[in-house]
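Everything numeric here is computed off the predicted structure, so don't read it as measured data. So you know, we letter chains A, B, ... as the sequences are listed, proteins then strands, and number each from 1.
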There are 2 protein chains.
Amino acid sequence: MIDTKGKILDTAERLIGEYGYSATSLRHIISEAGVNLAAIHYHFGSKEELLDELIVRKAGPVNAERLARLDRLEAGGESPAPAVEKVLEAFFLPMAEAADRDPGFVRLMGRMLSEGLMQGILEKHFQTVTGRYFRALRRALPVLSDEEFRWRLHFMIGAMAHTMCGQPDVTGLGGPSEGFHSRIERLIGFVAGGFHAPVRVAPGTEEK
Amino acid sequence: MIDTKGKILDTAERLIGEYGYSATSLRHIISEAGVNLAAIHYHFGSKEELLDELIVRKAGPVNAERLARLDRLEAGGESPAPAVEKVLEAFFLPMAEAADRDPGFVRLMGRMLSEGLMQGILEKHFQTVTGRYFRALRRALPVLSDEEFRWRLHFMIGAMAHTMCGQPDVTGLGGPSEGFHSRIERLIGFVAGGFHAPVRVAPGTEEK
DNA sequence: GTCTATACTGAGATAGAC
DNA sequence: GTCTATCTCAGTATAGAC
């Protein structure tokens with residue numbers, strides 16, 4: 001057909017978003033897309049590289065928007081540094097907006113994160129963004145030690161990843177699911193509170 | 001040999017802790033344990049049920065300690081309710097203590113969480129513990145709406161899962177890894193700050 | 001350059017002999 | 001309880017048709 005590569009990408013995006021990466025076999029993708037098995041390896045090289053292209057396609061615009069917002073924030077030239085909340089908004093809101101435009105976005109990214117398949121891909125495509133935001137947040141929180149700050153960033157990423165993965169069904173209460181946007185607003189509030197929390201571990205008490 | 005089942009469990013625990021669940025094949029386990037492939041299916045039924053038994057063996061004592069601590073906390077009969085920080089300590093510290101006693105604990109549980117394989121197992125074996133802690137935290141935070149509270153619990157679980165998975169290497173700075181105990185102390189502080197944070201979303205503004 | 005047909009290796013699972 | 005043989009399905013590699 002005309003665009004084999006495009007059909008593979010679209011079908012893979014839909015199926016992986018629905019069933020997850022591991023549960024979606026290449027043979028399932030090709031049968032729905034109406035292409036040959038080897039075409040995947042011709043165009044992408046491997047299943048993992050196909051995933052990589054999907055992620056880039058989805059996350060690329062979001063990361064661009066994140067950098068643009070941080071540019072504007074830092075161009076303000078505020079004397080101390082942009083406040084934690086402002087930096088968090090610039091980081092998280094582009095994700096929420098992408099989710100509003102494209103309902104498949106959260107499904108796919110959440111699947112990836114929940115299956116723990118993004119370690120390598122994250123480092124490859126997100127390090128520019130995370131590096132700049134890391135430094136911006138660091139400047140907003142000069143009182144924290146390096147070690148404490150790094151861990152709080154780690155906690156934030158964990159909360160974010162889990163939030164993209166699914167509903168909070170731990171309790172079995174269920175309830176109606178709300179929009180992704182307000183979910184992100186809640187996350188920003190929670191994370192900001194975490195960053196501003198008093199430190200429990202005295203600098204000298206650290207082990208190792 | 002004498003205890004085929006035990007040898008399978010020990011070997012699987014070691015290999016999965018080292019390489020992860022997906023990357024550890026049953027054939028790898030049997031070759032190291034010196035047993036037959038079919039023995040795994042005879043004793044456990046499937047690879048997933050083998051994992052289930054490993055989790056129970058590791059997490060069972062931790063969950064028992066969690067319930068005991070919550071009992072003591074609630075037996076205090078404090079008029080309002082145990083403070084958020086106290087409840088969080090009762091929940092998280094048994095995990096830290098288990099990690100100190102058994103270095104393999106965090107490795108295995110972290111692997112499980114990072115590979116997203118614990119959804120079903122979590123619900124099966126953790127729901128008693130999480131249910132009771134859910135209610136204890138809810139009593140300590142009466143000002144939050146149901147929806148807001150549920151999401152903050154969700155964020156906490158995400159931060160916890162990510163914390164057990166590994167080091168905060170997002171920044172590429174590395175640095176010496178510290179003990180698990182102080183890592184948990186940092187997590188408690190962060191999460192407590194998150195729970196106490198002011199709510200960003202006005203109750204009427206929620207979507208859907 | 002693109003795509004098809006087919007074969008290879010390794011995974012988890014299972015039936016049946018001992 | 002244990003072991004052999006075998007099944008199905010996965011991702012991958014390659015030879016060759018257009």
Side-chain angles (χ1 to χ4, degrees), chain A residues 1-57 108 111-121 124, chain B residues 1-57 108 111-121 124:
Chain A
M1 293 285 179
I2 331 175
D3 191 4
T4 304
K5 191 171 177 176
K7 281 197 298 186
I8 294 172
L9 279 171
D10 289 342
T11 310
E13 183 174 311
R14 180 169 55 83
L15 292 179
I16 292 177
E18 189 166 356
Y19 303 108
Y21 175 79
S22 311
T24 303
S25 69
L26 296 182
R27 285 168 174 85
H28 189 183
I29 295 171
I30 61 156
S31 81
E32 296 243 342
V35 302
N36 187 273
L37 176 59
I40 290 185
H41 289 92
Y42 173 75
H43 286 287
F44 303 97
S46 70
K47 189 183 181 184
E48 203 176 323
E49 284 170 286
L50 165 60
L51 178 69
D52 193 297
E53 283 221 24
L54 283 179
I55 300 293
V56 173
R57 203 164 74 144
L108 183 68
R111 282 286 187 185
M112 299 302 93
L113 289 163
S114 73
E115 291 186 79
L117 299 157
M118 297 207 40
Q119 267 77 349
I121 298 173
K124 237 171 72 183
Chain B
M1 291 288 179
I2 332 177
D3 191 5
T4 304
K5 190 170 177 177
K7 281 197 299 189
I8 293 172
L9 278 170
D10 290 341
T11 310
E13 184 174 310
R14 181 169 54 83
L15 292 179
I16 292 177
E18 189 164 358
Y19 304 107
Y21 175 78
S22 311
T24 303
S25 69
L26 295 183
R27 286 168 173 85
H28 188 183
I29 295 171
I30 62 160
S31 81
E32 296 244 344
V35 302
N36 187 274
L37 175 59
I40 290 185
H41 290 94
Y42 173 76
H43 285 289
F44 302 98
S46 69
K47 189 183 181 184
E48 203 175 325
E49 285 170 284
L50 166 60
L51 178 69
D52 194 297
E53 283 221 22
L54 283 179
I55 300 293
V56 173
R57 204 165 72 145
L108 183 68
R111 283 283 187 184
M112 300 301 94
L113 289 163
S114 73
E115 290 186 78
L117 299 158
M118 296 207 42
Q119 266 77 349
I121 298 173
K124 235 171 74 183

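Applying the 4.0 Å criterion to OP1 and OP2 of D/dT12, one finds that A/H41 has a side-chain N or O inside that range. Applying the 4.0 Å criterion to OP1 and OP2 of C/dT2, one finds that A/Y42 has a side-chain N or O inside that range.
DNA chain D is contacted by both B/L37 and A/Y21; B/L37 maps to the nucleotide lying nearer its 5′ end (nearest heavy atom per residue). Toward the 5' end of DNA chain D, the nearer of the two residues A/G45 and A/H28, judged by each one's closest nucleotide, is A/H28.
The residues B/K47 and B/D52 are annotated as not salt-bridged, no charged nitrogen and carboxylate oxygen being separated by less than 4.0 angstrom.
Note on A/T24: only backbone sugar-phosphate atoms sit closer than 4.0 angstrom, heavy atoms only; bases stay farther off. Contact annotation for B/A39: no contact, since no heavy-atom pair falls under 4.0 Å across all strands.
Between the side chain of B/R27 and the base of C/dG12, a donor-acceptor pair under 3.5 Å is found.
One interatomic measurement links the two molecules: CZ of B/F44 to P of C/dA13, which rounds to 13 Å at whole-angstrom precision. Straight-line distance from the NZ atom of B/K7 to the P atom of D/dG1: 14 Å, rounded to whole Å. One can place CG of B/L50 at 10 Å from P of C/dA13, the figure rounded to the nearest angstrom. Here the C1' atom of nucleotide D/dT2 and the NZ atom of B/K5 are 15 Å apart, to the nearest Å. The interatomic distance linking B/E48 (CD) with C/dA11 (P) rounds to 18 Å, in whole Å. Atom CD1 in B/I30 sits roughly 12 Å away from atom C1' in C/dA11 (whole-Å rounding). Between A/D3 atom CG and C/dT2 atom P there is a gap of 11 Å when expressed in whole angstrom units. Protein atom NZ of B/K47 is 13 Å distant from nucleotide atom C1' of D/dA10, rounded to whole Å.
Here D/dA10 is the nucleotide among D/dA10, D/dC3, C/dA5 with the atom lying nearest to any side-chain atom of A/S25. With distances taken from any side-chain atom of A/S46 to the nucleotides C/dA13, D/dT12, D/dG1, the minimum falls on D/dT12. The side chain of B/N36 sits closest to D/dT4 out of C/dG12, C/dT4, D/dT4. Set against D/dT14, C/dC3, D/dT12, the side chain of A/H43 has C/dC3 as its closest nucleotide. Among the nucleotides C/dT2, C/dG12, C/dC3, the one closest to the side chain of B/L26 is C/dG12.
Considering all non-hydrogen atoms of both residues, A/L37 and A/R27 come closest at CD2-NH2, 3.9 Å. Shortest non-hydrogen contact noted between B/E115 and B/Y21 is OE2-N, 2.6 Å. Looking at every heavy atom in both residues, A/I16 comes nearest to A/R111 through O-CG, 3.6 Å.
In this structure, A/K5 is positioned above the aromatic face of A/F44, its NZ or CZ under 6.0 Å from the six-membered ring centre and within 45° of the axis.
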